[in-house]
K.L.:
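Right, I'll just put the structure down here and ask away after.
Note: hydrogens, waters and symmetry copies are ignored here, and every other heavy atom, side chains too, is used.
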Amino acid sequence: MADRFDLGRVIELDSAPSELIVAPVDTLASAWSCELAGQRLDWGASVRRLFGYPADHCPLREEVVTLYEESSRAAMERLRAHAIRHRRGFTLDIAIRPVDGGRRWVRLVTMPVCEGKTVTCLKGWKADVSHLYGDTTPMPVPAMPLSRG
């Protein structure tokens, strides 16, 4: 029997959600980045929707972390610091309270961007995985337009 690490505790896989996670179809809309120098966030449209923000809102990191439930915020901050210190990525499911109400579980995939041996930016993607935790059905991902070439 294998185990997995989730929000700071070990969960036996027999009791963990067993449904498959499908990566977002539109990875650009689900993409995010954070420049470490100024903590500037750049979010795709799907990420803004996950957090309940309008499409034109440019959130500040200090504003966004207040939307994380305490245990999720603490786990994310620990893994974030480790990722920056050791130039390593991580994946974590976080519980948030979006600005438009409710509760969601979000899969946070993070990877460092380095200049030499220094991490200058974190980037990745975020996807709604609430259905794995029995909270809600996942948010629909808009279909990507077909390119004609």
K.L.:
Looking at P54 and R48, what are the two nearest heavy atoms and their distance?
P.N.:
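Shortest heavy-atom separation between P54 and R48 comes out as O-CD, 3.5 Å.
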K.L.:
Rounded to the nearest 0.5 Å, what's the gap from OG on S130 to CG on L50? Could you check?
P.N.:
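Spacing of OG (S130) from CG (L50) equals 8.0 Å.
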K.L.:
What is the minimum heavy-atom distance between P98 and G52, and which atoms define it?
P.N.:
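In terms of heavy atoms, the two residues are closest at CB-N, 4.1 Å.
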K.L.:
How would you list, by chain and number, every residue that makes a ring-ring contact (aromatic ring centres under 6.0 Å, His included) with Y68, sequence neighbours excluded?
P.N.:
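Checked Y68 against ring-ring contact (aromatic ring centres under 6.0 Å, His included); zero matches.
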K.L.:
Please find the pair of heavy atoms, one from D93 and one from W105, that lie closest to each other, and give the distance.
P.N.:
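Closest approach of D93 to W105, heavy atoms only: O-CZ3, 3.9 Å.
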K.L.:
Hydrophobic clustering (ILVMFWY, side-chain heavy atoms < 4.5 Å, transitive) - are L41 and V106 grouped together?
P.N.:
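They do share one cluster, since a chain of ILVMFWY contacts under 4.5 Å joins V106 to L41.
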K.L.:
Kindly state each residue pair satisfying salt bridge (charged side-chain N to carboxylate O under 4.0 Å, His left out) with at least one member in residues 59-71, sequence neighbours excluded.
P.N.:
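Matches after skipping sequence neighbours: R61-E77, E69-R97, E69-R103, E70-R73.
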K.L.:
If you take all heavy atoms of K126 and W32, which pair is closest and at what distance?
P.N.:
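Closest approach of K126 to W32, heavy atoms only: CG-CD1, 3.5 Å.
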K.L.:
In terms of relative ring orientation, are H86 and H82 parallel, tilted or perpendicular, with 30° and 60° separating the classes?
P.N.:
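Tilted: the ring planes of H86 and H82 meet at 30° to 60°.
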K.L.:
Ignoring hydrogens, what is the shortest heavy-atom contact between M76 and L108? Give both atom names and the distance.
P.N.:
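Scanning both residues, the minimum pair turns out to be CG-CD2, 3.8 Å.
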K.L.:
Say you draw a straight line from CZ of F51 to CG of D100; how long is it, rounded to the nearest 0.5 Å?
P.N.:
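If I round to the nearest 0.5 Å, the distance is 11.5 Å.
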K.L.:
Just to verify, what does V119 make a side chain to side chain contact (heavy atoms under 4.5 Å, CB included) with, not counting sequence neighbours?
P.N.:
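With sequence neighbours excluded, V119 shows a side chain to side chain contact (heavy atoms under 4.5 Å, CB included) to L36, I84, R87, P112, C114, L122, given in chain and number order.
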K.L.:
Assigning hydrophobic clusters by single linkage (Ile, Leu, Val, Met, Phe, Trp, Tyr; side-chain heavy-atom cutoff under 4.5 Å), is M111 placed with W43?
P.N.:
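M111 does not cluster with W43.
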K.L.:
Measuring from R78:CZ to L92:CG, what's the distance to the nearest 0.5 Å?
P.N.:
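Spacing of CZ (R78) from CG (L92) equals 9.0 Å.
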